[in-house]
Amino acid sequence: MGKGVRLFSSICVAASSRLTLFFPRPARIAVYLVVIGWMYVVLMMSVAEASNTTGSVLGAIVTFFLYGLLPVILVVYLMRTPARRKEIKAREAAEHQAQMARLAANAAPAAVASPDPDAGGHAPGAAENDGVAPVRKEL
């Protein structure tokens with residue numbers, strides 16, 4: 001087993017690799033559990049707001065959105081940023097490989113069919129006199 005640098009109890013980076021910090025799989029699951037727990041707490045806060053004698057349903061809805069839904073959406077979006085970048089890079093690499101394969105497939109038959117562009121045996125075309133008239137100055 002190679003030597004590595006232990007950063008935290010769950011993150012070990014190989015000595016030869018770049019020092020990039022990422023959440024290993026158990027840590028990502030723990031973060032999602034925190035998100036689920038926070039949504040439960042906010043739901044209970046909303047229920048308490050709606051059922052209180054001085055509270056209102058509108059206050060409960062505002063509490064749920066401002067304390068729960070919006071912060072959770074932001075946190076999950078930020079957590080998914082590295083994965084989204086990897087997916088975009090993988091998709092672009094696959095599209096590039098497909099395009100290169102298409103270009104190679106399209107270029108190969110044309111090169112085999114006619115390697116010399118003047119192999120038709122016809123005389124080259126001369127300039128036509130019936131082309132576009134030159135522009136003159138008006139007198």
Side-chain angles (χ1 to χ4, degrees):
M1 201 159 163
K3 293 182 179 180
V5 178
R6 184 160 296 283
L7 299 173
F8 298 104
S9 62
S10 62
I11 300 175
C12 182
V13 177
S16 63
S17 70
R18 292 182 339 199
L19 186 62
T20 58
L21 296 177
F22 63 95
F23 288 123
R25 187 166 178 82
R28 280 184 283 172
I29 292 172
V31 172
Y32 283 119
L33 285 175
V34 169
V35 166
I36 292 169
W38 178 249
M39 286 304 295
Y40 176 76
V41 168
V42 170
L43 180 68
M44 292 297 113
M45 287 171 52
S46 298
V47 168
E49 175 77 23
S51 63
N52 194 355
T53 57
T54 60
S56 66
V57 176
L58 179 62
I61 292 171
V62 169
T63 299
F64 183 75
F65 278 104
L66 293 182
Y67 281 109
L69 202 57
L70 293 177
V72 165
I73 288 172
L74 180 67
V75 166
V76 171
Y77 177 79
L78 292 176
M79 280 177 21
R80 290 270 307 142
T81 299
R84 273 195 318 276
R85 285 185 187 156
K86 285 180 185 179
E87 291 169 3
I88 290 170
K89 285 183 181 180
R91 184 178 19 190
E92 288 175 353
E95 288 174 0
H96 181 69
Q97 286 180 349
Q99 182 181 11
M100 296 305 285
R102 268 195 319 268
L103 289 175
N106 290 341
V112 172
S114 177
D116 188 11
D118 290 334
H122 298 287
E128 296 181 10
N129 292 334
D130 298 337
V132 177
V135 178
R136 298 182 188 168
K137 288 185 180 179
E138 291 186 22
L139 298 175

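Keep in mind it's a predicted model, so treat the numbers as computed, not measured.
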query: Using links of under 4.5 Å between side-chain heavy atoms of ILVMFWY residues, direct or through other members, which residues join Tyr77 in one cluster?
result: Leu74, Leu78

message: Is it true that, when you exclude Met44 itself, more than 12 heavy atoms of the residues, nucleotides or ligands shown sit nearer than 6.0 Å to its CE?
response: yes

- prompt: Is there any salt bridge (charged side-chain N to carboxylate O under 4.0 Å, His left out) pair reaching into residues 91-103, and which pairs are they, with sequence neighbours excluded?
  reply: none

query: Taking only residues at least two apart or on different chains, which pairs with a member in residues 62-84 satisfy salt bridge (charged side-chain N to carboxylate O under 4.0 Å, His left out)?
result: Arg80-Glu87

query: Is there a side-chain contact between His96 and Met100 (heavy atoms, below 4.5 Å)?
result: yes

Validation: residues 53-69 side-chain donor-acceptor distances under 3.5 Å, sequence neighbours left out:
| from | atom 1 | to | atom 2 | distance (Å) |
| --- | --- | --- | --- | --- |
| Ser56 | OG | Gly59 | N | 3.0 |
| Thr63 | OG1 | Gly59 | O | 2.7 |

- prompt: In chain order, what residues pass the side chain to side chain donor-acceptor pair (under 3.5 Å) check against Ser51, with sequence neighbours excluded?
  reply: none

task: Identify whether Leu70 and Met39 are in the same connected component of the hydrophobic contact network (ILVMFWY, side-chain heavy atoms under 4.5 Å).
output: no

Verify same cluster id: Val34, Val76 (apolar side-chain graph, 4.5 Å): no

field: Joint cluster assignment, Val47 & Val42, ILVMFWY side-chain distance < 4.5 Å
entry: no

statement: salt bridge (charged side-chain N to carboxylate O under 4.0 Å, His left out) pairs touching residues 51-69, sequence neighbours excluded, are none

